[in-house]
Structure formats: structure tokens, C-alpha cells
Amino acid sequence: RKRWMTSFCADALKLYPDRLAAAAGCERAWRLRAGQAFTGTPSVAARMRRFVDVLHRTQGAFEGATVSVLTYNILADGERLALSAKHDYCPRELRVWQRRRACLVREVGEYQPDVLCMQECSISAFRELQLELGPSFAAAARGPCSSAAISTSGVGRGEVGKAAGGAAEAAHEELVGFHYSAFLSGKEQQDALACDTGLACFVRQSVWRPLSARAHLLSSALEARHRGVLRKKLRSQREAVLLVHLEHRATGATLLVACTHLFWDPKLPHVKAAQAELACVLLERMLESLERPAACVLAGDLNSVPHVQPAFLPAHALDADNQLDERWERSAAYQLLSSGCTPSEHPEHPDSFLGTTDRGLGPLRCALALRDAYAGALGEGPLPLTTHADDFAGCIDYVWVGGAAGEAEESHAPASGLRACIVPATVLRVLEMPYQVGAPHAFGKIPDARWPSDHLAIGAVIHIPVPT
């Protein structure tokens, strides 16, 4: 069989070199030579990435639960997104959904997360992935409390046990999925069902029992202080947050996962900063509604790089020499999440950006004491890159862990009102990147033959103590 395969590959290369090179990807064409076995598939890169210990990790035994959380913007299908001219650097045959879906399933199956957050996941993509992800998860985790069955509880409202006949309570089903459209109503639900860029969450149910789930449009958290053009813009947006409450079956530890995808336009960083605060508010509200404290994770595509981008600031935000005040290194969204507050004077804050500091929104606040799981984990500072397309390369995907357990430069305590609601969690490991953190420029544009999306999956293994 090996001799036949070698001969077949050699003949195919001679007959169809251009077609094979195109199918293998522009910049990463695989070379098939006579006498050399075929050593790769589009999903081989997934096997090359693994969860590795974070730098400066505290050694010792950890009592409680561990959870692996993965977030992945999977690049929505269609002529407007995956098949658009923006991605023409990648051959079209590599961007069709059927091929990318198979690669996604294989890649995620290799990572084997306990919780998988997805962005740009339409309802049709959700249903297909739900069916195809289940067997790969069950095959890896098959044991006395799991099987290859798949739950369909992504349709329904309110408590998970009431959704779709209570399918989530069947412990023999290995993977349960949630699509945000299931927890909205009326026109909001219709819009979500028609949306290509939706939110989804999948949970390994043999390890983590789903307790409840909710979804909210970010605009639902608007307050009286959101006024004028800012309020109008935020109300017009359809971005949302999907919240899933879980309980560890073995220890009873609880976890609240929030999956979100913020506004895309780099020219309007103040909108993303305001939306980041709204996502935190909705997460805080659900934490306060729970019967007992829980760890929390905010994961997703925030469309915000860690640093300020002066090119997108209005002229009044710069000094006479067209320079940015050195106080403002971090972007408004990143500063909010990493420190708990973004003052009105920040150039990307809505008040400063719109020139309404004297009568505007006031400081943006987050009471969750979040920590960027990758900050300092693989090198200095945040990740340099989670996406690389034709028009942009940078870090816009994150896993934020609540409680800020452990020592970190930007760690901060939860606000007093939430302190009793949050169980501090610790980042133990992160999913390594397919490039050297110190040399991200060497990583080419995606999608390609190896990577099915224009974003990379990122993830973390988190320790959650059991409250006494």
C-alpha cells in the first residue's frame, strides 16, 4: 500500500503540478516527491499545537477542577466573508465551507477542549458542526460516563434542562451545543437566525454539567448615561454575548463562560470600548444572580488590539506634533478589561473620541478583575497575532479569566459588590501558537491549506478551586 501511494503521488505531481500546488495553498504548497511518503493533511498543524505551561507558573498541586477553554472565530461562509475578494490570496477551493468544516472538526478534535466558544457561526454551521464534532469528542473521551451521542439542546430558552426536551441532562451525551439565537425572542431571534456571524458554545458534558444559558444583545445593557450619537450607534448594533453556566461533575466547582464578538470597524475604537463594558455588565449581572460563587471566563473576538492605534484617532486626540500622549499605551478596550477602568481622557474612550468629555459617559468600568490568559504566558506582554488576512494582522482574540488569581502586572481585585460572587481562577497552560512569539511576521496569511479560518484558535487550561 505504501509503495502504491508513493507511486501515485509521484505520478500525480508529474501530471498535475499546478493543480496540486494550488490545492495545497499558495505560500505553503506541500511537495510530494517520489520515494517520500505523504506526511501531512490540512489538519496536521492542529497536532503540532499543544497546551503548554505558562511562564513563571507556580508549581505545586492544585485542588479543585481544571477546565480547558478554547475560542475560535471560524470565518463565516459566503461571498461576503470567506469567499470574498479579501481572501483571494487563498485559492477559492480551500475556502469552500465543506472543506473548511472538515478541517475545523479535525483541528478542534485534536485540541479536545472542555468548552469551545465560536464566533461567526451561523445557525446552519452550528447544526452541522454539532453533528460532526460529537463523534470526535466522544471517541477521545469514551469511557463509563460518555458515548458518541450528541445533544441537540441548542434550541430552547431559559434553563438548559427545559431546552429541547431537557437533552442537556442526559449525562451519556458527550457534547452539548448552544447557539445564541435559541435564547433570544421576537425580531432579535429572527435577526440572529439570519446572521452569518453568530455565537455558539459547545461543552463536554461528561465533565461539565450545563446548568443554565442565556444570550443578550449588548445594547440591552445600555443605561441613561449612554446618550446622543453613541447611544444611537450602540442601539443599531447586533453584537451579543452568550452566557453558559456550568458545574464540574466531580468536584462541584462552577464556571460561567461568556462568548462574545465585538464591533469590527477599526475606525471606531470607542464603540468597541463601550461594547466591552456592556459585555462585562451582562456577565456581572448573571454572576450576581447565581445561587453560589462561580469562576468566570470572557472569551471571543473583541476586534481590539492591545495597543492604541493612532492612525484611527481623530485629530483632537493628538498633540500639536501629531503625537499620542505616552500615558495611553493600551487600547481603551484592553485597558478596561486588564485594569478595570478606562478614564474618559483616554483617546479611544467615547467621551474623548467624540469630544464630549464634559457631559459624556464617564469612566468605563469592569468589576470582574479579569486577566488576559496569554499576557506573559509565552513571552512578554499579550499575544502579537491571532489573525493575519490581506488587510490586517494582529491580536484581537482573547481568553479573559476572572478573579485575577496569581501575580500579574495588571492584576486587580474584584469590586467589593462582586467579590463574593467570583471564584478566583488561575491560568495553568495555554495553547501554543504556530509561530515564534518573538517573530510573528514569519507567519503567513490565513486561511490556507493548513488553517481553515483567518483567525487562529486560542485557549487556556484554568484551575478553579472549590469554595469551602
Side-chain angles (χ1 to χ4, degrees), residues 23-25 28 30 38 40-51 68-78 81-83 87 90-142 146-154 173-180 196-208 242 259 299-301 386-387 397 431 434 446-459:
R28 293 185 174 86
W30 295 325
F38 185 79
T41 70
S43 66
V44 71
R47 300 188 186 96
M48 297 164 60
R49 296 181 69 189
R50 54 195 176 85
F51 285 94
S68 55
V69 179
L70 193 79
T71 183
Y72 205 165
N73 181 324
I74 63 173
L75 180 57
D77 186 30
L81 291 160
L83 301 179
H87 298 299
C90 176
R92 188 180 177 90
E93 57 265 32
L94 299 181
R95 290 180 281 142
V96 296
W97 172 239
Q98 291 82 356
R99 184 192 186 282
R100 293 197 305 112
R101 185 181 70 232
C103 292
L104 285 164
V105 169
R106 287 193 294 268
E107 182 183 356
V108 172
E110 292 290 339
Y111 302 144
Q112 289 294 305
D114 295 318
V115 180
L116 168 62
C117 298
M118 279 189 174
Q119 302 85 45
E120 297 200 16
C121 183
S122 66
I123 186 63
S124 60
F126 168 78
R127 289 167 176 162
E128 293 168 354
L129 289 168
Q130 190 178 31
L131 291 172
E132 296 183 24
L133 282 171
S136 66
F137 272 67
R142 190 165 289 141
S146 64
S147 74
I150 184 72
S151 172
T152 57
S153 65
E173 294 175 331
E174 179 60 25
L175 197 68
V176 58
F178 305 89
H179 192 264
Y180 83 127
D196 293 328
T197 56
L199 303 172
C201 184
F202 298 92
V203 178
R204 186 184 299 281
Q205 195 175 215
S206 63
V207 181
W208 289 88
L242 173 61
C259 172
D301 177 358
T386 62
T387 180
D397 303 272
L431 185 64
I446 51 176
D448 62 8
R450 303 175 74 181
W451 306 102
S453 173
D454 57 351
H455 290 246
L456 293 168
I458 62 170

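When reading the values below, keep in mind they use all heavy atoms of this one structure, side chains included, and skip hydrogens, waters and symmetry mates.
Rounding to the nearest 0.5 Å places CG of Asn73 at 10.0 Å from CG of Leu199. The structure places CG of Asp77 at 11.5 Å from SG of Cys121, a figure rounded to the nearest 0.5 Å. Rounding to the nearest 0.5 Å places CG of Leu242 at 8.0 Å from CZ of Phe178. One finds the CH2 atom of Trp97 at 6.5 Å from the CD atom of Glu128 (value rounded to the nearest 0.5 Å). Taking SG of Cys201 as the start and CD of Gln119 as the end, the distance is 10.0 Å to the nearest 0.5 Å. In this structure, Tyr72 OH and Leu116 CG are separated by 10.0 Å, a value rounded to the nearest 0.5 Å.
In this structure a side-chain-to-backbone donor-acceptor pair under 3.5 Å is missing from Glu132 to Leu129. Distance alone, capped at 3.5 Å, places no donor-acceptor pair between the His179 side chain and the Gly198 backbone. For Arg49 (side chain) and Ala457 (main-chain N/O), a donor-acceptor pair under 3.5 Å exists by modelled atom type. Side-chain atoms of Arg100 never come within 3.5 Å of backbone atoms of Pro447 as a donor-acceptor pair (strictly under, hydrogens ignored). The backbone N or O of Leu456 sits nowhere less than 3.5 Å from a side-chain atom of Thr386 that would complete a donor-acceptor pair. Here the side chain of Thr71 pairs no donor or acceptor atom with the backbone of Ala299 at under 3.5 angstrom.
Annotation: side chain of Arg92 is in contact with side chain of Leu83 (closest heavy-atom distance under 4.5 Å). Using a 4.5 Å heavy-atom threshold, the side chains of Thr197 and Leu81 count as touching.
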- Message: With side chain to side chain contact (heavy atoms under 4.5 Å, CB included) as the criterion, how do Arg99 and Leu94 come out once you've worked through the C-alpha distance, each side chain's angles and the decisive distance to 0.1 Å?
- Response: CA-CA 7 Å; Arg99 184 192 186 282; Leu94 299 181; 3.4 Å; yes
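When all heavy atoms are compared, the tightest approach of Arg95 to Cys90 is NE-O, 2.9 Å. Heavy atoms only, all atoms of each residue included: Pro113 and Arg204 are closest at O-NH2, 3.4 Å.
With no hydrogens or angles considered, no side-chain donor-acceptor pair links Asp196 and Ser122 at under 3.5 Å.
Taking the six-membered ring where tryptophan is involved, the planes of Phe126 and Phe202 are essentially parallel, since the angle between them stays under 30° and well short of 60°.
Under the salt bridge (charged side-chain N to carboxylate O under 4.0 Å, His left out) criterion, Asp301 pairs with no residue at all, not counting sequence neighbours.
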